[in-house]
Structure formats: structure tokens, C-alpha cells
Amino acid sequence: MRIMRQEYRVDRLHLAFVSIMAALVLWYLFDARSVSLSINNLLLVQPLAIATLVLYLFIVPQCFHRADAVPEPEAPAIDDPLQPKLPEGRALVRVALLGVALGVFVFTLTTLGFDVGILLFALATMLICGERRPLPLALYPLAVTVVAVYGFRALMPYPMVTALL
Amino acid sequence: MIDMDALMGAFGIMATSAGSWGWIVPGLIVGLVFSAIPGVSITMAMAIVLPMSLYMDFFSAIVFLTSVYTGAGFGGSVPAILMNIPGSPSSYATTFDGYAMSKKGQHNEALGYALFASTICGIFGYLLLLVVVEPLADIVLKIGPLEMFAVAIWGMLLIGSLGSKYISRGLFAAAFGLLLGGVGMNTAGFIRGTMGMPSLLDGISPIPAMIGLLASGQLLTLAGKDYIIEAEGSRTVSLSRILSGCWQTFRHPGVLVRGSVIGIVIGAVPGVGSSLGNLIAYAETKRTSKDPSSFGKGNPKGVIAAESAVASAEGGSMATMLALGIPGGGATAILLAAFMMHNIVPGPQFIETQKEMVYAIILNNIVQAIVLLFVGIGFIYVASNIVRVRTRYILPAILVIATMGTYAVEGSISGPITLFVFSLIGFLLVKFDYPVAAVVVGLLLGRMLETEFLRSYQLSGGDPTYLFERPGAMTIFGIMLFSMAMTAWGKRKQVLAEEAESAAMEALARQASVPEAEPGIKAGASGRH
């Protein structure tokens, strides 16, 4: 992107993320104001929301990097537990797939039943993480399902919808 | 200094809650195992087991969770010493001399030093807490809503400003967390931010949100790897040499005391915690040593200093949490959530009215530190193999437990959905260098902060000069502004130093490349000097 005769690289993902957060804050502020303009309602919410939006203005420039700037030193490998970083390439696809699998698992739990849901999720996770041997794929998700269903049934007083167990 | 009646009452609680004793060893093992696996942090471990504690009585739940916390303090040092990989950020300084000792074949002694320093200083931290609780209770009782508000704001600012490389992102995360914590009906009866969902009237359920932010969001990143770490093979473990290391720890009492004091003080400050305490204790021990050049080459004092600070920081952070209800970081935030789950709010009222329970919690932590000595030795034998866990086995199990745990909180699917939403938020927060702990603590403190602010407003009748009638609040605000200015100045100095260093490196590189490319120019330049 070119601004004032200077070429910039834009970290679009970060910009989108922080903008969505700021939009949520703005919506929250308007929602609170639409409920009541009483000071008992807005005492903390209004100044805090405004402060958050001001901070957003400080963060936005951090999403723009001069194209001719010296690149920052290479970030540490993901093995470093002190400085985790997002994996790249195929590893990133795995992460995205696992995120989708978690979403599908959560939203279909009550439809499929907890037992079937857990079994399919454990199986999908193993496949995403690279397991291809049939025996572990057959046995390990089954073990996770049985332990989770019977363990949590013994632990909590709430009913759990199951299809088989 | 110690309220003897309350102390006797605490022994009574411990004697009558026999079931709670049974949770010490499982808690320690969970803490040791999780913290020994790099990438799986102590806060993740505590977040995942938190829903299980919902079905225990209050004392057992706290015993279980604090045992996890205690175990994790030492667990991270095992891979740090054996493989040069800190299991948790708080074990970072342990790698400096621990791994160097390991390379010299002294890993058993190093483990002994670490274990005994953890045990002794863990006990020391809690003994100190036992003594200061009584005077602390007298002080905190004088704290009014304005002082509580000031302390909470200070804590949030510290957590926000210290948790990230960028102050603006840290403060943004803290403010966002506080706003999330205020969703639902406030103390004055106004309903905001619920999007018409009745389940949000009481606010965002903190436990699924915390598990999502602290655990599953960060576990997703592990999917890209076959092994959590590619570690070296295990080393031979010798009990007699570990015990010899334990015994030799006594030869360095000054290091133990210095590390403990630094750990307690740093641990008590919200947002700092043991991950910084171990580095400061290490640096201080090295600075005051007669032989600083031996540090980093296998000096046992380095291991003792780092581990003593980690273990004693737990007592410091518990003091802040119990006395003020302000969690110092992710782990104590989970403890605070456990208190809230049992309808108990830590803070001035709790410490005054439930002194027996406070003493019982402290005494139990001392017991945990002693038990750790035995469980820790057994754990060393298996630890070097635990770190070689394939993600394909660990991820399905942990994610299923985390999801089921959030369902177990209320028996509703809203728990797992909250977990999923906050997993994505947590994942993105980590990716873009925002401190997740600031959002979590904000989420927990948002309601309290607003309530105390409202009370202060009502007491003052809206008159801002009321602040001048409260010297305590003025002092806290003064210290807050000073510490913020110091933090900003320190970070600015660091940035300038880094810039100067990189400029100097560039100049050096340029100078080095000149004679190869244009020898004539260099010769001419030298001739002019």
C-alpha cells in the first residue's frame, strides 16, 4: 500500500482482528447508551470503551510496516514455549482444520450425541495430526470416548445425550 | 502475629476434611506432568481440571488446585535441566546452569538442588504468608471501595503493560477483558451487551471463557507438530545422587533466602509472577557472587536461585489473591474462579471472617510442599519420557476433556460454545502478541471493578475531591502513575538500546564488507586517520 509516497506492507489479518475487537467495543458502548444514559450505567463502561478505542488508534499504525524497513530478526521456533508463534504452510492448514473440527464438534454435540461426537472428533483430530495406522485410529478414539462419557457421567449431575453408550 | 484461635480452627478444618488430603497427590502429579510438557502450561492444566473441582467441597477444591499449582512449580525444571527446554516460562532461568550441569553429567545433583530449593522455599513462602496474614487482615479491613477500585485498576494496568512487548496491546487486552467482564446486568440493574441472550444476563460464564482463552486456543497451535518437542533421549536417574544434591542445597542458605525474598515480592505484584522472579533472582545471585563467570557453566547456585524464586512466588501471589481478591496472573485467576464457583469472594471480608479457612489453605500448602519432595523424586524417573508425547494422542484427549469440562459447569451447550468462541479469540490474541492473561483477569474483575467504582461514586456523591479524603487511594494512584511511567520509560530505553545495537551491528557489517568490495576506499579512509 502506498501512503504519502511511501510504500507500506499491511498486516491485514492483525488489522482485521483489532478492528473487529474495536467494532465490538463501539457496539457495546452504543448498546449501553441505548439502555440508559444514567451515570450508574455508564460510569465505568463509557470511559473504558473510549479508552479502548483510543488504544485502538495507537495499535492501528503497528499494522503498517515500511516496505523498505529492515525485516525483524527471525522469530523463534515454535518449540520455544516462552515465545509461541503461529506455524506456517502445511502446519497452519492442520491448525485451521483442527479449529474447524472443534467448531463442528461443539455445534453438533447435542445432535449427534456426546459419544458419537467425541468419537468422531477424536478420530478427526488424530487424522489431522497425521495418524494413518488403522489400529490406533480404531482403538484410541474409542478409548477416549468411553473414558470421557463414563467419567463425566459419574462426575456431573447433568444429563448427557448419547446415541450408543 | 498469628491468631492462635484461628490457627487451632484451621487444624480442626484440616482434621475434619480428611477427604481433601486425598487430592494432594493427584493434584501434584497433574501439575508435575503438565508443566513438564513444554507448550502445555500450568494455567492450561489448572483451567482443564477446574470444572472437576466444581463437584468437590470448597476446601478439597482449593487443595486440589493449589496442589496442581505447587507441582507445576517444580515440574517445569525437569525438562529444563535434562533437555535445556523449560517446561514453563518460570523455569527459564533454571536452564542456564541446570542444563550446563547436565552436560557435565551432574543432572541428578541439579535435579536434587532444584527439588530441595522448590520444597524449602515453597514452605518458606507460605510460612511467611502465615505470619503476615493477621497484620494484612488489619490493613485490608481499612480498605474502602475507592481503594479496592484503585488496587484493581493498578493490577490491571500492570498485567496489561507488563504482559506484552507492546504496552498499547497489553492495555487494550486488559480493557477489552474488563468490558467483557461487565457484560450482563450490573449492580445498579442495567443490562448491557447481552444481544438479547438470557444466558448472558449473569455475564459471560468465566470458566468456559478461561478454558478457551488459556487452554484450547493455544493447544490448537500444537496441531502442526508431530511431537510437542523433539527431545534428547532420557538420562540415567540416580536416587542417591539426587539426594546428595538435595543435601548440598543447605550449603547455600544465602542463595535460598535471597531467591525466596525476590520470589515472594515479585510474586505478590499482579502481572509479574514467577516467570520474571526466577530471572531476577538468578541475575541478583550472579551479580553478588564472588565468581560470576562460573554462572551459565553449571554453578549449582544458579539452579537454587531460580527454583527458590519460582517456589516462593506462589506464596506471594496467594497473599495478593487472598487479601485483595486480585489475581497475579493466569494460575491465580483460575484459583479466584474456583473461589467464585463456591460463592466465596476472596478479599478483605474473606480474610477477616474466614481466617480459619485462610490458615487451613496456607497450612495445606506447606503440607503439599513436603509431599512434593517425595512425589517429585518419583516423578523424575518418568518425566524425561513424558515430554516425548505425540500430539496425535494428547490433543484429542485434552480437547475432549476441556470441552466436556465446560459442559459440566452448567450442563448446557452454551459452555462448549463459549469455549469455542474464546478458543479462537485466544488463538488470535497469542498470534498478534496480546497478553491472554490480561483478558482473563479483566473478565474476572470487570464486575467487581464496576461495583466498587459505583460504590465510591455513591459515597462521594459524585464529588471528585473525595479522593483527597482517602490518603490510601491517593497513595495507590500515585504509585500506579509512577510505576506506569517507569514501565514506559524502561521499555522506551530498551527499544532505543536495541536500535542503537542494531545500528552498530549494521555499521560493523558495512565496515567488514568494504575492504572486500572496495579495498582502495578503505585504504584511503585509513590513511586520513
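Only a predicted model underlies this, so the values are computations on that prediction, with no experimental measurement involved. Numbered from 1 within each chain, the chains take letters A, B, ... in sequence-line order.
- Annotation: side chain of Gln62(A) is in contact with side chain of Arg169(B) (closest heavy-atom distance under 4.5 Å).
- The nearest pair of heavy atoms linking Trp27(A) to Gly193(B) is CH2-CA, 3.7 Å.
- You'll find the side chain of His14(A) stays beyond 4.5 Å of the side chain of Leu428(B), heavy atoms only.
- Residues Leu171(B) and Phe58(A) form no side-chain contact, since every pair of their non-hydrogen atoms from C-beta on lies 4.5 Å or further apart.
- Within the 3.5 Å criterion, the main-chain N or O of Arg192(B) finds no donor-acceptor partner in the side chain of Asn41(A).
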Does Phe107(A) form a side chain to side chain contact (heavy atoms under 4.5 Å, CB included) with Ile413(B)? I'd like the steps, not just the answer. CA-CA 8 Å; Phe107(A) 285 101; Ile413(B) 199 67; over 6 Å; no
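- Side-chain contact between Leu395(B) and Leu98(A): present, with at least one pair of heavy atoms (C-beta onward) separated by less than 4.5 Å.
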Determine, stepwise, if the pair Phe176(B) / Tyr56(A) fulfils side chain to side chain contact (heavy atoms under 4.5 Å, CB included). CA-CA 11 Å; Phe176(B) 188 73; Tyr56(A) 166 72; over 6 Å; no
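- Residue contact with chain A, scored on non-hydrogen atoms closer than 4.5 Å, involves the side chain of Ala188(B) exclusively.
- Between Met404(B) and Val149(A) the shortest side-chain heavy-atom distance does not fall below 4.5 Å.
- Distance alone, capped at 3.5 Å, is enough to place a donor-acceptor pair between the Tyr140(A) side chain and the Tyr393(B) backbone.
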Before you tell me yes or no, could you show the steps for Phe190(B) and Leu42(A) under side chain to side chain contact (heavy atoms under 4.5 Å, CB included), namely the whole-Å CA-CA distance, both residues' side-chain angles and the distance that decides it to 0.1 Å? CA-CA 9 Å; Phe190(B) 296 100; Leu42(A) 299 175; over 6 Å; no
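- With a threshold of 4.5 angstrom between heavy atoms, Val421(B) does not approach chain A through any atom at all.
- Both the backbone and the side chain of Ser168(B) come within less than 4.5 Å of a heavy atom in chain A.
- For chain A, no part of Leu180(B) is nearby; none of its heavy atoms comes within less than 4.5 Å.
- Ring centroid separation for the pair Tyr407(B) and Phe114(A) comes in under the 6.0 Å cut-off.
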Take Leu44(A) and Leu178(B) through the side chain to side chain contact (heavy atoms under 4.5 Å, CB included) test and state the conclusion after the steps. CA-CA 10 Å; Leu44(A) 182 73; Leu178(B) 284 173; 5.7 Å; no
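- For a residue to count as touching a neighbouring chain, one of its non-hydrogen atoms must lie under 4.5 Å from one of that chain's; by this rule Tyr55(B) touches chain A with the side chain only.
- Heavy atoms closer than 4.5 Å to chain B are found in both the backbone and the side chain of Val45(A).
- Within the 4.5 Å cutoff, the side chain of Val18(A) has heavy atoms near those of the Tyr434(B) side chain.
- Heavy-atom distances place the backbone of Pro159(A), and not its side chain, under 4.5 Å from chain B.
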